[in-house]
Amino acid sequence: EIIFSSSATVYGQKKPPPFSEYDELDPISPYGRTKLFFEMVLKDWVNSNLKNRAIILRYFNPVGAHRSGLIGEDQRENPNNLMPYIVQVAAGKQNYLSIFGNDYSTRDGTGERDYIHVLDVAKGHVKSVEKIKKIEKFQIINLGTGKGTTVLELLKTFEKVNEVNIPYKIVQRRTGDVAKLLANPEKASSIIDFKCKKTIEDMCFDAWNWQKNNPCGYLD
Ligand code: UDP
């Protein structure tokens with residue numbers, strides 16, 4: 001039995017989000033292609049033996065940390081992803097956040113993503129382990145909330161929840177970015193009985209709590 005961490009980057013962009021597991025696949029990044037290739041390898045592996053079973057979990061945008069402040073992401077280099085970058089601005093390690101474009105077709109023009117708390121991602125795995133013997137032997141399941149948050153909404157929520165100031169500048173779009181990426185979370189609910197519980201506020205609070213308690217990550 002294998003539970004595989006795949007990614008929402010496997011989806012193509014011809015159809016507007018939200019994406020369901022049956023939508024067209026066409027990853028644009030090498031990273032997305034590695035995920036899709038391994039999904040295909042696993043499908044063959046499941047078909048090659050009656051005993052083999054697999055669940056593929058397509059993560060959307062995982063963020064946050066454990067509520068205890070003891071387990072989190074140990075960021076050693078300049079981060080590329082939004083939440084770790086916001087956290088570094090709050091910590092004074094970066095002067096400001098560069099927002100990559102405000103002319104997308106979203107509520108406020110900034111990119112919209114489906115952020116999912118890492119603890120919900122972990123719970124999705126626990127549910128998968130519990131269900132893997134009871135469901136069809138090859139399943140692909142989205143892990144996302146189905147709710148979108150823009151860059152500006154995430155920034156404002158982070159400032160409010162943590163009472164910090166995050167300076168930002170609007171800059172050029174980043175190559176390869178899409179306007180919106182959202183999950184259809186219905187299959188997760190019906191097949192493995194999984195629903196996300198954590199809010200955007202939880203994600204912002206926990207990300208900053210981990211950073212505050214561990215300014216040098218796991219090195220201190
Ligand atoms: N983003 C941004 N500034 C940053 C990093 C990211 O404006 O320093 C935006 C990015 O354009 C996208 C969103 O934040 O709209 C999420 O980006 P991230 O890299 O975290 O995730 P992904 O691109 O994988 O969805």
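In each ligand, atom 1 is the first atom listed, and ligand 1 is the first ligand listed. No experiment lies behind these values; they were computed from the predicted model shown.
From the protein, the heavy atom lying nearest to atom 9 (C) of ligand 1 is Val151 CG2, 3.7 Å.
When the heavy atoms of Phe100, Tyr59, Tyr85 are ranked by distance to atom 2 (C) of ligand 1, first place goes to Phe100. Between atom 25 (O) of ligand 1 and the options Arg113, Glu112, Arg173, Gln88, the minimum heavy-atom separation is to Arg113. Atom 6 (C) of ligand 1 has its nearest heavy-atom neighbour, among Asn61, Leu82, Thr9, in Leu82.
Ionic pairing of Lys15 and Glu24 is not present here: no N-O contact between side-chain nitrogen and carboxylate oxygen is shorter than 4.0 angstrom. Salt bridge Lys156/Glu159: present, at least one basic N to carboxylate O contact under 4.0 Å. Taking a cutoff of 4.0 Å between a charged side-chain nitrogen and a carboxylate oxygen, Asp202 and Lys197 do not qualify as a salt bridge.
Residue contacts with ligand 1: Asn80 is included, with a non-hydrogen atom under 4.0 Å away.
Contact annotation for Asn81 and ligand 1: heavy atoms of both the backbone and the side chain come within less than 4.0 Å of the ligand. Contact annotation for Tyr115 and ligand 1: only side-chain heavy atoms (C-beta onward) come within less than 4.0 Å of the ligand. The proximity of Met83 to ligand 1, defined as any non-hydrogen pair under 4.0 Å, does not occur for either the backbone or the side chain.
The backbone N or O of Pro16 lies less than 3.5 Å from no partner atom in the side chain of Lys180, so there is not a single donor-acceptor pair. In this structure a side-chain-to-backbone donor-acceptor pair under 3.5 Å is missing from Trp208 to Phe158.
Between the side chains of Asn78 and Gln88, not a single donor N or O lies within less than 3.5 Å of an accepting N or O.
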Practice task
Just do the ring-ring contact (aromatic ring centres under 6.0 Å, His included) check on His125 and Phe194 with the steps written out, would you?
Solution key: CA-CA 10 Å; His125 289 70; Phe194 168 74; 9.2 Å; no
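Each of the atoms 10 (C), 17 (O), 18 (P), 19 (O), 23 (O) of ligand 1 lies under 4.0 Å from some heavy atom of Arg174. Shown in contact with Ile99 at under 4.0 Å from a heavy atom are these atoms of ligand 1, numbered in order with element: 7 (O). Numbered from 1 in the order shown, with element, the atoms of ligand 1 that lie under 4.0 Å from a heavy atom of Ser98 read 2 (C), 3 (N), 4 (C), 7 (O), 8 (O). Atoms of ligand 1 found under 4.0 Å from any heavy atom of Asp177 (numbered from 1 in listed order, with element): 10 (C), 11 (O), 23 (O).
From Leu143, atom CG reaches atom CG of Asn61 across 12.5 Å, with rounding to the nearest 0.5 Å.
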